[in-house]
Every structure is written in C-alpha cells, then in structure tokens.
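Because the structure is predicted, anything quoted here is derived from the model rather than measured.
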Amino acid sequence: MSEEHRETGTGWPRPGEPARPSGPAGEPDPRPDAPDPDELSPLAPVEPVPDEAVEPAVPESEPEPGAAAGAPSVARRFSSAGAMIAVLLALLGFTLVVQFKTTSTDPTLAAAREEDLVRISSDLDSRERRLRQEIELLEESQRQLRSGEQGRQAALEEATRRADELGILAGTLPAVGPGLEVRFSGPAEAVSSAGILDAVQELRGAGAEAMQIQGADGTAARIIASTYFVDGPDGALVVDGRRLTGPFTIMVIGDPATMRTALNIPGGVVASVGKAGGNVTSEDREVVEVSQLHAPIKLDHARPVS
C-alpha cells in the first residue's frame, strides 16, 4: 500500500472531501482542520452526517469557445421571432375585421374559405360571360325574326299587289280609277266590230289598264286580252258570246289625256268612224268603275316555267 493509502486508511478520499496533500509517512497533516489519524481508522466509529450538511461539489466548467460569439445570434433569433409574431397577429386582426364585415353583409359567405371565395368569384364571372353571350344571341335572333317578318310581310304585300294586277288584267277582279267614257253611235256600217276593235287596240296602246263595253240595254262585257268582237244582225255586236245593241259605251281606266290623244290621231279611230258616218265622243272621268267580271280562263296546256 502506498503512503497515501496508509494516511487515509482507505486509500481514497471520502466523497465531497478534497484530497489531502501528501506528506512524509507518520507525520501529521499540518492543516489545522485536519482530522485525527486515529479517527480515520477503519475501526473508528463513523458519525452520521446530516443531509443538509453535505453539499455536492459542483465542478466549475470552463465556458465553451463559441458560447460568447453565439449570444448575439440567439438575441437576433428572438427578435425575428417577435417580429414574425407581431406580423401574424396583425394579419389575424385584419382577417377578423374582413370576416366580420363579410359576415355582416353576406351571412352565407361567413364560413367560406379564401379558396372558396376565389372559386365563387370565378364562377360568377363565367356565368356573367355566358349570360352576355346568350343576350347577344337572343338579340341577333330577334333582329333576324324582325327582318324575316318584315321580309315575309313585304313579300306578301308584293304577292297580293301582283295578284290584284293580274286579276284586273284577267278580268276576274273589278277595278276603279280615273279614265275615259267613250261613246260610239251611228249606223251599223260606221260602228262595226272592226271599228270597235281598232278603238280597243288604240286604248291599250295608250296605257289602258281595264275596260268594259256596254250596250244600250245595259248588257256589258269585260274586255281582256282574249276578248273577240263579231258583227251581229241588225247592227248588233257580239262580244265574247254576248249580244250588245248600239249605241255602245266603253269604260276605260287609264291616263285620260294620253288615251284621248291616241283616239284623235289623224287617220285614227275618230277619223275612220266619222268618215263612215258615225260619231265618237270621249269624256274625262275622275272615277271610272269597271265592275263587269270575266270568268277565269282554264289553261289546258300552258304551265309556268320553274
């Protein structure tokens, strides 16, 4: 055993007791508070030590090399975290205010998330575009319908007008308008079917639109393109199978001045009838009625060109 072991009696210092400085064997410890060597003997009784009297020795640790340098960075981290917390609190307050306003104006959107609000706004924009397109299509359809209706109305009016004109020319419709009243009188040699036909041709050439001839007894016949004239017995005149007696009167619708001029041309109808001993007089009328109708002509062979 070493000298230190003999000095302590155990070879090791007691827990919490600093090691005793070594000295020559058999010499007492020069420290005034040094224990008696006999007390350190294994045979000596050990007095219990109170718990509060024993204080564990805390070894003084040296500071780590980077501890002093890391202190400012830690402070900076705490400062950044505080700023971030402040920003988050401000954002939270702003969000609460916006949510409160939104809730007060539209309760249905109170619980909606930001993504839902964006989607709802996008859906509303899309719906608005679709509605505008539908409005444009409906307005275009309305314009087309109006134009089509106007076109159909114009076509109907034109067809009606054309049918009326054809009906007047064909003698199936009555007519009224300004014109002349032309009277033929005289012997049968002067007022013949040939003289009446010449007068009708002159009137047509002068723009006559509707005509009818009437006898002294009131019998009348409508004059159309297919009308024929034949001399009858006793100075009578047969017009499309009807027998008329003189004097004869032709009611004609057209320009009175033009038709009168056509009848009075040199060598014309008035001159020819007058040369044969007859007489032709014409009188302007503001209103001439051509009321006698001709039966419709049934065509057996002619067809319109498609």
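Panel note: side chain Thr227, backbone Ile224; a donor-acceptor pair is recorded below 3.5 Å. Of the possible donor and acceptor atoms, none in the side chain of Thr219 sits under 3.5 Å from a partner among the backbone N and O of Gly215. Checked by atom type and distance alone, the side chain of Ser291 never pairs as donor or acceptor with a backbone atom of Pro174 at under 3.5 Å. Counting only distance, with no hydrogens or angles, the side chain of Glu181 and the backbone of Ile250 share no donor-acceptor pair below 3.5 Å. One N or O on the side chain of Arg222 and one on the backbone of Gln292 form a donor-acceptor pair closer than 3.5 Å.
Nearest approach of Leu263 to Val182, heavy atoms of both residues: CD1-CG2, 3.9 Å. Minimum heavy-atom separation, Val252 to Met259: CG2-SD, 3.6 Å. In this structure, Gly235 and Ala188 approach most closely via the heavy-atom pair CA-CB, 3.6 Å. Closest approach of Gly179 and Pro256 over heavy atoms only: O-CG, 3.6 Å.
Between the CD1 atom of Ile223 and the OH atom of Tyr228 there is a distance of 13.5 Å, given to the nearest 0.5 Å. Glu136 contributes atom CD, which lies 7.0 Å from atom CD of Gln133 (distance to the nearest 0.5 angstrom). Atom CD1 of residue Ile297 and atom OG1 of residue Thr172 lie 9.5 Å apart, to the nearest 0.5 angstrom. With rounding to the nearest 0.5 angstrom, the CG atom of Leu124 is 10.5 Å from the CG atom of Leu131. Separating the CZ atom in Arg132 from the CG atom in Leu137 is a distance of 14.0 Å, to the nearest 0.5 Å. Expressed to the nearest 0.5 Å, how far CZ of Arg143 lies from CG of Leu138 amounts to 10.5 Å.
By the 6.0 Å contact criterion, CZ on Arg127 is open, its count of non-hydrogen atoms from other residues, nucleotides or ligands being 12 or less. Residue Glu286 qualifies as open at atom CD: its count of foreign heavy atoms under 6.0 Å is 12 or below.
A salt bridge is absent between Arg130 and Glu134: the closest approach of a Lys/Arg side-chain nitrogen to an acidic carboxylate oxygen does not fall below 4.0 angstrom. Between Arg161 and Glu165 there is a salt bridge, since a side-chain N of the basic residue sits under 4.0 Å from a carboxylate O of the acidic one.
Side-chain atoms of Asp231 and Ser192 form no donor-acceptor pair, as typed in the model, at a separation below 3.5 Å.
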